[in-house]
Amino acid sequence: MALSVTDLLIGKLATILENEGTTIAGVRHEVDEIKEEFLSMKAFLLDAEANKPKTEGQKLWVARIRDLAYDVEDIIDEFMYHMYEEQSGGRLSRGLHKTIRAPCNIWFRHKIAKKLQKITDMIKAIPERNQRYGVGLVGGATTSEDIQKLVQNQAESSFFIMEDELVGIEGKKQILMGWLMDDEQHQTVISVVGMGGAGKTTLVAKTFTNELVKRHFDCYAWITVSQTYDVVHLFRSLIRELYKSRKEDFPAILNAMSRIELLELLVNYLESKKYLVILDDVWDIKVWREIKVSLHDRRLGSRVVLTTRNEEVASNSFGVESYVYRIQPLQKNEAWELFSRKAFSTKQHKTCPTELKSLACQLVERCEGLPLGIVALAGLMYSKKSLDQWQQVCNNLNWYLHNNSSLDPVRNILLLSFTDLPSQLKHCFLYCSLFPEDHLFNRKRLTGLWIAEGFVENVKGVTSEEVADSYLRELCFRSMLQFADGFISGAPLGRPKKLKMHDLMRELALSTAEKEKFGYVYDGREVMEEISTRRLSIHRMEGEIKSWRGMSKIRSLLVFDTDTSSLSFINTLVSQFKLLRTLDLEDVQIDKLPGAVVYLFNLRYLNLKGTLIEELPESIRSLRNLQFLNIRDTKIESLPQGITRLLNLRNLIMYRYTRNLYFKIASGTKAPSNICKLQKLQNLSIIESEGDTCRLIGNMTQLKTIGISNVKEREEIDLWVSIKKLTLLQSLGLMASNEEEILPVIAECPALPHLRKLILVGRLQNVIPWFSSLHGLTTLVLHWSRLEEDLLPQIEALLNLTRLYLCNAYVGEELCFRRGFVKLMRLELLNFASVKKITIENGVMPNLQYLCVNSFIELKTMPLGLEYLSTLQYLGLKDVPMEVMRPIRKGGVDRSKNQSSPTSIY
């Protein structure tokens with residue numbers, strides 16, 4: 001973490017030197033010198049990051065570097081704040097007081113220079129002090145290696161777990177056995193993927209040791225790979241295990257053989273054998289690339305099984321037949337059964353005592369179906385007999401996770417995933433722990449915070465938003481965050497919109513965040529006198545706000561206490577944090593923007609979504625560094641003129657929903673005519689069209705997302721001339737003013753090579769002929785179209801379409817999907833008042849996972865062709881005639897041809 005902090009600071013110093021060259025001239029030498037010192041320390045801190053300081057002296061050394069980095073950041077921010085104060089005075093004021101202020105500026109620059117020089121001296125003194133007291137970071141086994149050994153021991157123990165100790169494993173085992181022993185003669189690779197502690201290794205071990213499986217193969221081997229591996233060592237282990245499975249003696253000179261000799265031995269040994277190879281705990285796809293050269297496909301029915309925490313590894317194209325088994329958390333009843341077996345093993349029928357039932361349920365819920373967590377926690381509670389002891393663990397689970405040896409396996413295995421993260425992703429991950437337990441993260445909110453905090457590195461030719469999205473995907477692929485919607489069984493439907501963090505993972509992340517002074521969650525239960533962190537997250541506030549020591553250090557404030565309705569509470573709080581970079585007040589019940597906000601010159605991110613605020617003040621123009629502003633679902637209907645002064649604004653989200661009979665309708669916000677001055681805007685949604693809006697938006701050429709409401713038919717020419725200029729556009733939304741207004745989309749669509757999402761809300765006179773030209777389109781949403789001609793032939797030509805949402809889009813009597821929709825994964829059909837029949841022909845939508853049919857009042861029968869949808873996992877039927885639902889309730893729907901019947905039917 002100290003390395004990450006230093007990296008961030010080096011980036012900040014470089015930015016200041018580049019962008020504030022004239023302003024900072026008086027302290028340039030000191031800033032340059034500190035920058036060079038931090039660059040010199042970076043190489044040494046790489047060792048600290050990898051070797052995890054173990055002695056108290058080493059820990060103190062790393063902590064001191066971190067604190068010094070923060071001190072430099074404070075001084076630089078203090079300097080920039082002073083310059084802002086100086087420049088924000090009126091022109092007349094600057095003229096009158098120039099002679100008075102000049103000596104003050106010289107004095108202030110000298111003061112800052114002295115502070116920086118003092119820190120430079122302290123940095124240079126660290127090596128001398130370490131040498132004097134014999135403190136170093138090199139030597140001894142690393143924590144990472146210790147944990148790897150524990151993980152390997154855990155894996156070996158999986159072979160000896162008795163069947164009656166396991167819960168919810170039989171069905172999963174049968175699926176794996178089916179893939180291992182089917183008739184496919186080509187080599188097959190099977191990946192079992194899930195977060196640490198999900199039971200991957202245990203499942204594969206119980207399948208691997210099954211006698212039927214063993215007899216199916218000529219030889220077999222199990223090798224544990226782990227994060228750090230040596231391919232020569234893996235080859236030797238593989239040879240030993242293969243020979244051992246046939247009770248043969250491996251070559252005596254095995255340890256002396258080179259990589260090429262080992263490879264030749266393996267290839268020759270497996271020449272005519274049907275083999276089963278298990279690669280347990282694979283972290284990188286490079287392992288497969290290095291080992292597959294020894295595992296030739298002789299068309300004998302050989303199988304390779306990988307267990308991994310990384311979705312990217314599991315979903316790799318292995319060049320042969322492959323299957324992915326995404327291991328799911330235990331169901332609630334299974335989790336309770338497993339916990340009871342362990343925690344109450346001495347009780348009659350292994351039953352939980354009545355007085356402990358409530359607390360036991362709380363503990364099981366905290367594990368969220370994670371077998372390792374359930375078993376470890378049950379083992380801890382086995383020795384707890386009294387109600388008070390159980391209550392104590394429930395109230396202090398975080399403490400027990402870090403201080404009780406019974407929970408070491410959980411902590412170590414989960415922390416192993418964190419340790420493996422690249423430096424910049426560690427900050428992003430820890431930031432997630434500042435949100436409340438079970439919180440559903442919104443993608444744009446989270447990535448916007450990361451960018452404003454400076455966590456996202458600059459990549460040439462790629463926007464910060466795109467880099468942040470790649471970080472989010474990486475955390476999901478590594479099972480550090482979990483998909484909550486938009487993703488089914490781990491298969492992405494576009495980008496994830498909602499994600500969550502496992503409770504146990506959050507507890508560990510939060511503890512690390514507090515220890516590293518990265519962030520702190522205040523829940524009102526503790527008396528806080530001093531703040532020693534950079535980020536404060538308030539989950540509950542009780543009593544009056546007091547002035548805590550260290551408030552000036554706070555750079556990020558998040559408030560989740562939605563019951564707090566006092567504006568003075570927020571204003572008092574914000575006024576203490578003059579150097580804030582991010583302020584998130586989503587859903588806080590305030591009806592006015594706190595006055596202190598407009599003085600936060602350093603503010604990059606301001607989230608007011610869901611507040612009761614009715615207007616923004618003209619003084620909003622003072623937030624010159626603001627990059628992200630979210631006023632969605634507030635009562636703000638128009639923006640002040642001052643908004644056009646926010647020249648660094650990149651994201652402006654400003655729509656609110658109103659409820660129609662069947663669905664929510666988004667309404668835009670009015671903006672000043674010269675909003676086109678915001679040349680850095682990438683996301684503008686949704687702006688209400690009035691006056692010259694449609695003509696002027698073409699000047700904002702960096703736009704990637706735009707939504708326009710209240711679009712009129714007469715604005716068609718201006719609209720499409722502007723859209724033609726938006727060559728980077730990825731998402732376009734056009735909304736008519738009412739249900740009868742015809743959308744102006746008849747004109748020929750300009751080439752939009754990057755367009756991925758299109759939303760059209762309003763009447764269409766005809767099927768739009770240029771639909772089929774949008775080859776990159778992945779999402780299409782049509783509301784109120786009410787077309788008389790069949791629209792499906794135009795849409796089926798969109799080869800990359802993954803999501804299709806049609807609402808009152810067609811007034812005919814039949815919807816027939818005859819061909820195409822090869823990549824479609826999600827189909828939602830809503831409010832078709834006259835459609836009587838839905839038909840899906842064989843071969844159409846081969847990858848569909850989600851199908852929702854809602855408000856079809858004339859529908860006569862179930863959608864025909866469901867049996868062809870072999871990948872369907874969710875089928876939703878709502879507000880359809882009773883005769884359509886009756887066959888389902890009687891179990892009379894034939895899905896015999898469907899290999900994977902829908903998991904949910906409503």
Exercise. How close do Cys367 and Leu377 get, heavy atom to heavy atom, and via which atoms?
Worked result: SG-CD2, 3.8 Å

For this session: Find out whether Leu330 and Pro371 are in side-chain contact, i.e. whether some heavy atom of one side chain is under 4.5 Å from a heavy atom of the other.
Result: yes

For this session: Flag yes if more than 12 heavy atoms outside Asp249 fall under 6.0 Å of its CG atom; otherwise flag no.
Result: no

Problem set entry | From CA spacing to verdict: salt bridge (charged side-chain N to carboxylate O under 4.0 Å, His left out), Arg366, Glu437 | CA-CA 10 Å; Arg366 297 289 293 277; Glu437 189 177 299; 3.6 Å; yes

Exercise. Between atom OH of Tyr220 and atom CG of Leu180, what is the distance when rounded to the nearest 0.5 Å?
Worked result: 13.5 Å

Problem set entry | Gln174 side-chain N/O to Gly171 backbone N/O, donor-acceptor pair under 3.5 Å | no

Problem set entry | Donor + acceptor pair across side chains of Asp280, Thr201 (<3.5 Å) | yes

Seminar exercise, completed: Ser237 and Ile223 have their tightest heavy-atom pair at CB-CG2, 3.7 Å

Exercise. Less than 4.5 Å apart, any side-chain heavy atom of Lys347 and any of Pro353?
Worked result: yes

Problem set entry | Polar side chain donor-acceptor pair, Arg506 to Ser433, under 3.5 angstrom | no

Exercise. Is there a donor-acceptor pair closer than 3.5 Å between any side-chain N or O of Gln185 and the backbone N or O of Asp183?
Worked result: yes

Exercise. Would you call Phe235 and Ser294 a side-chain contact if the rule is heavy atoms closer than 4.5 Å?
Worked result: yes

For this session: Look only at the side chain of Lys214 and the backbone of Asn210, and say whether a donor-acceptor pair between them is shorter than 3.5 Å.
Result: no

Exercise. Could Lys426 and Phe418 be counted as a cation-pi pair, given that NZ or CZ must be under 6.0 Å from the ring centre and within 45° of the axis?
Worked result: yes

For this session: Step by step, work out the side-chain contact (heavy atoms from CB on, under 4.5 Å) result for Val320 and Val304.
Result: CA-CA 11 Å; Val320 294; Val304 180; over 6 Å; no

Exercise. Is any side-chain heavy atom of Leu234 less than 4.5 Å from a side-chain heavy atom of Ile291?
Worked result: yes

Exercise. Could you go step by step and tell me if Trp283 and Tyr229 meet the side-chain contact (heavy atoms from CB on, under 4.5 Å) rule?
Worked result: CA-CA 10 Å; Trp283 290 77; Tyr229 67 91; over 6 Å; no

For this session: Look at the rings of Phe518 and His427 and say which category their plane angle falls in: under 30° parallel, 30 to 60° tilted, over 60° perpendicular.
Result: tilted

Exercise. Roughly how far apart are Leu414 CG and Met480 CE, rounded to 0.5 Å?
Worked result: 8.5 Å

Problem set entry | Under 3.5 Å: donor-acceptor pair, side chain of Ser322, backbone of Phe318 | no

For this session: Return the minimal non-hydrogen interatomic distance between Val410 and Ala376, and the atom names on each side.
Result: CG2-CB, 3.3 Å

Problem set entry | Nearest-0.5 Å distance that lies between atom CD in Glu474 and atom CG in Leu425 | 6.0 Å

For this session: Show your reasoning for whether side-chain contact (heavy atoms from CB on, under 4.5 Å) applies to Lys172 and Thr207.
Result: CA-CA 9 Å; Lys172 302 169 186 176; Thr207 307; over 6 Å; no

For this session: Determine yes or no for a side-chain-to-main-chain donor-acceptor pair under 3.5 angstrom, with Asp297 supplying the side chain and His186 the backbone.
Result: no

Exercise. Is the backbone N or O of Leu504 less than 3.5 Å from a side-chain atom of His502, with the two atoms forming a donor-acceptor pair by type?
Worked result: yes

For this session: Report yes or no: does Ser302 contribute a side-chain atom to a donor-acceptor pair with the main-chain N or O of Tyr275 at less than 3.5 Å?
Result: yes

Exercise. How far apart are the closest heavy atoms of Glu241 and Ala221, and which atoms are they?
Worked result: CB-CB, 3.4 Å

Exercise. How far does CG of Leu266 sit from CD1 of Ile239, to the nearest 0.5 angstrom?
Worked result: 4.0 Å

Exercise. Quick one: does Lys200's side chain have a donor or acceptor within less than 3.5 Å of a partner on Met195's backbone?
Worked result: yes

Exercise. Are Thr188 and Glu184 close enough that a side-chain donor and a side-chain acceptor fall under 3.5 Å?
Worked result: no

For this session: Please examine the side chains of Val313 and Asp284, heavy atoms only from C-beta on, and report whether any two atoms are closer than 4.5 Å.
Result: no

Problem set entry | Check: Arg303 side chain, Phe217 main-chain N or O, donor-acceptor pair, under 3.5 Å | no

For this session: State which residue, out of Asn268, Leu262, Val267, fulfils the side-chain contact (heavy atoms from CB on, under 4.5 Å) condition with Glu264.
Result: Asn268

Exercise. Looking only at heavy atoms, which two atoms of Ser383 and Gln389 are closest? And how far apart?
Worked result: O-OE1, 4.5 Å

Exercise. Relative to Tyr269, does Lys273 satisfy both conditions: NZ or CZ under 6.0 angstrom from the six-membered ring centre, and within 45 degrees of the ring's axis?
Worked result: yes

For this session: Using a cut-off of 6.0 Å, state whether more than 12 heavy atoms not belonging to Leu212 lie near its atom CG.
Result: yes

Exercise. Just how far is it from atom CG of Leu397 to atom CG of Leu380, taken to the nearest 0.5 Å?
Worked result: 8.5 Å

Problem set entry | Residues forming a salt bridge (charged side-chain N to carboxylate O under 4.0 Å, His left out) with Glu337, sequence neighbours excluded | Arg341

Exercise. Is Arg236 close to Asn255 at the side-chain level, that is, under 4.5 Å between some pair of heavy atoms?
Worked result: yes

Problem set entry | Shortest non-hydrogen contact between Leu300 and Glu271, atoms and distance | CD1-O, 4.2 Å

For this session: Let me see the working for Val277 and Val305 under side-chain contact (heavy atoms from CB on, under 4.5 Å), right down to the final yes or no.
Result: CA-CA 6 Å; Val277 171; Val305 180; over 6 Å; no

Exercise. Does a side-chain heavy-atom distance below 4.5 Å link Lys244 with Phe250?
Worked result: no

For this session: Can you measure from CZ (Phe344) to CG (Leu356) and round to the nearest 0.5 angstrom?
Result: 6.0 Å

Exercise. Do Leu475 and Leu421 have side-chain heavy atoms sitting under 4.5 Å apart?
Worked result: yes

For this session: Decide, yes or no, whether a salt bridge links Arg473 with Glu311 under the criterion of side-chain N to carboxylate O below 4.0 Å.
Result: no

For this session: Without swapping roles, check the side chain of Glu365 against the backbone of Gln362 for a donor-acceptor pair under 3.5 Å.
Result: no

Exercise. Using the ring of each side chain (for Trp, its six-membered ring), is Tyr874 parallel, tilted or perpendicular to Tyr850, with breaks at 30° and 60°?
Worked result: parallel

Exercise. In this structure, which one of Arg299, Arg298, Lys292 forms a side chain to side chain donor-acceptor pair (under 3.5 Å) with His296?
Worked result: Arg298

Problem set entry | Ionic contact status for Glu290 with Lys286, cut-off 4.0 Å | no

